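Everything on this sheet refers to the single structure shown next.
Source: prediction; values computed, not measured. So you know, we letter chains A, B, ... as the sequences are listed, proteins then strands, and number each from 1. Values below: all heavy atoms of this structure, side chains included; hydrogens, waters and symmetry mates excluded.
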Amino acid sequence: MSETSPDSFYITTPIYYVNGTPHVGTAYTMVVADTLARWNRLWGRDTFFLTGTDEHGLKVSQVAQDNNMTPKQWVDLMSTRFIDAWKDLGISYDRFIRTTEPEHYRTVQSFLSKIYENGFIYKDLYTGLYCVACEAYYNESELVQGVNCPVHLRPVTEMVEENYFFRLSAFQDPLKKWYEDFPEAVTPSTRRNEALGFILQGLEDISITRTSIDWGVPVPWDNEHVFYVWYDALINYLTAIGYDSDQGVFDKYWPHVHHLLGKDILRFHCVWWPAMCMAAGIDPPNKLIVHGWLLVGGEKISKSSGITVDPLEIANEYGIDAMRYYLLKETHLGSDGDFSIEGMVSTYNSDIANNLGNLLQRCLALVVSKLDGVTPACPLQPPEVFKFDQRVDQTIRFWESFQPTGALETLMELLRGANIYLEQKEPWKSSENEYVGNVIGAVLELLRVVSLLLLPAMPESSKKVLSRLGVDTTVNLREELTFGRYKGGAVIERSAPLFPRLEVE
RNA sequence: GGCGGCGUAGCUCAGUUGGUCAGAGCACACGGCUCAUAAUCGUGUGGUCGUCGGUUCGAGUCCGACCGCCGCUACCA
């Protein structure tokens, strides 16, 4: 639960490393971010949704060389895989940032120069056991059989390098105080505890530059060095909002940012990043939303294990909104989730085909058979069984506190109430137009409001329902959620169900 | 080893500061209805709320021990 800034909303996803490919796990992150962005736009906030690709690092330059390309040519090619995937999935980002953009170079140099000037960066020697494939140093205790990298099972090499170091140790107390002052900054709280625990055990300085490669952002005060990939990557969150180029935009969105991230990159975002911000003299991000992993059959998605699911295939086969709904409804934001086609089809059929789709269909059938095919206006007050105001307020609270699962479940409760109401009133047995019109009007009104509140999760499907009802979707949501606004008058013809049940292929 | 979390109906999970707290959804069974997409409505599953103790008039709800599972414990996007 957290308050959101009143009139602007800035949300980011991690930027994806170009050597990877979009899979259902990254699609999950994007769907969540997209849904939160859509909610805030509908709620009338000035919303900025950022994603992009991380394009530096040794591995990129190596792979580029293997493919007889320059690193730049390679990342130009690879970044399009993400751009295309998000386009096909209808992700409504406002800006796709690439860390190889000149604007990003300037921001990284400006930001880190500031930290340098503030005295939190110094030069020293670093000695460590290094795995080239990982681009990472390991402790002896982490190695397999004492010599091999635990990821690649290949020998590591001892490297001595002159590096610039970031004085992370200086921020142990400030970070501790920050976590105490802003207990809501990291959600869920177990992740906050994890970050705080890490901080409390003592922080060491960290190396932030490399001399062994040149595919990176040059260190402005020492051109022998480039910044290590992680240090330029995080700064993308500032580049995109004019950190050193547009103070007005920057002030609007910072520090009221919502960083969405997976639990595997918690430390970078919840320890290093706030410290870097403090060192540069800006406020740390005010919200870090840590999500879990999407598992497949209980296993982590990874290429090496052969467990990988292509979100575009799912979307093509079953529809984007079916996938979105399943990801949002069945995986509590913050917990791990399990993805399966069977689960997706089952959830969609229960909630969307049966509960929502069938409710709409039975109403429209009655409009055709009893009301000359014209939808009636709604009554002034909602029937008791709807628990309308209570549930609508609850849904809003869930959306405002980043709990898609709760929001969607509450919408299902509203729909169940409407189905019960129809059973109680039995409009199909009546021949009085006024009676039938009142009953159907009340349910159509509920469907109007539910569809509006469902827009963030299932934009296309919700629009179809609203279109059927003759409701404009470009309205300000805040003014459209009170009962009694539906005027009716939409002409209905007998037609096939809008949301037919899915079958497992 | 250290720190933290979890273990509630077949499945996924809710259960504020202890006293209708033994629940929801899905699945399953039976019944109703037939406006509707094998839909929808109603009822049901006798779950030792991981185990054993303790505090209390009373504990999933607090304390202790134990069993099982998991996360973090530094430079992998």
Work out how far the [atom1] atom of [N] is from that of [M], and round it to whole angstrom.
N      : M      : atom1 : answer
C52(B) : G47(B) : P     : 15 Å
C41(B) : G64(B) : C1'   : 50 Å
C13(B) : A27(B) : C1'   : 14 Å
C63(B) : C6(B)  : P     : 12 Å

Query raised in the report: Between Arg167(A) and Phe120(A), is NZ or CZ placed under 6.0 angstrom from the six-membered ring centre and within 45° of the ring axis?
Result: no

Looking at every strand, decide which applies to [X] at a 4.0 Å heavy-atom threshold: base, sugar-phosphate, or nothing.
X         : result
Gly262(A) : nothing
Glu194(A) : sugar-phosphate
Gly357(A) : base
Ala353(A) : base
Phe499(A) : base
Arg192(A) : nothing

Report summary line: Out of U40(B), C35(B), C75(B), minimum distance to the side chain of Asn419(A) belongs to U40(B)

Taking [atom1] from [X] and [atom2] from [N], how many angstroms apart are they, rounded to a whole number?
X         : N      : atom1 : atom2 : answer
Ile208(A) : A74(B) : CD1   : P     : 21 Å
Tyr164(A) : C75(B) : OH    : C1'   : 19 Å
Glu409(A) : G15(B) : CD    : P     : 13 Å
His332(A) : G25(B) : NE2   : C1'   : 11 Å
Lys429(A) : U40(B) : NZ    : C1'   : 14 Å
Leu366(A) : U37(B) : CG    : P     : 11 Å
Asn358(A) : U34(B) : CG    : C1'   : 12 Å

Report task. Treat a base pair as Watson-Crick or G-U wobble with both distances under 3.5 Å, then lay out RNA chain B in dot-bracket form, 5' to 3', with | for cross-strand pairs. Result -> (((((((..((((.....[...)))).(((((.......))))).....(((((..]....))))))))))))....

Query raised in the report: Is the shortest side-chain N to carboxylate O distance from Arg191(A) to Glu194(A) below 4.0 Å?
Result: yes

Report task. Inspect the contact between Glu460(A) and Lys464(A) and indicate whether a charged nitrogen and a carboxylate oxygen are less than 4.0 angstrom apart. Result -> no

Query - Plane angle bin for Phe386(A) and Phe388(A) - parallel if under 30°, tilted between 30 and 60°, otherwise perpendicular - result: tilted

May I ask you to decide if [Y]'s main-chain N or O and [X]'s side chain share a donor-acceptor pair within less than 3.5 Å?
X         : Y         : result
Arg324(A) : Met458(A) : no
Trp428(A) : Arg362(A) : no
Asp321(A) : Ser461(A) : yes
Ser430(A) : Glu432(A) : yes

Query raised in the report: C75(B) base to Tyr126(A) side chain: any donor-acceptor pair below 3.5 Å?
Result: yes

Query raised in the report: Is G53(B) syn or is it anti, if syn means the base angle is within 90 degrees of 0?
Result: anti

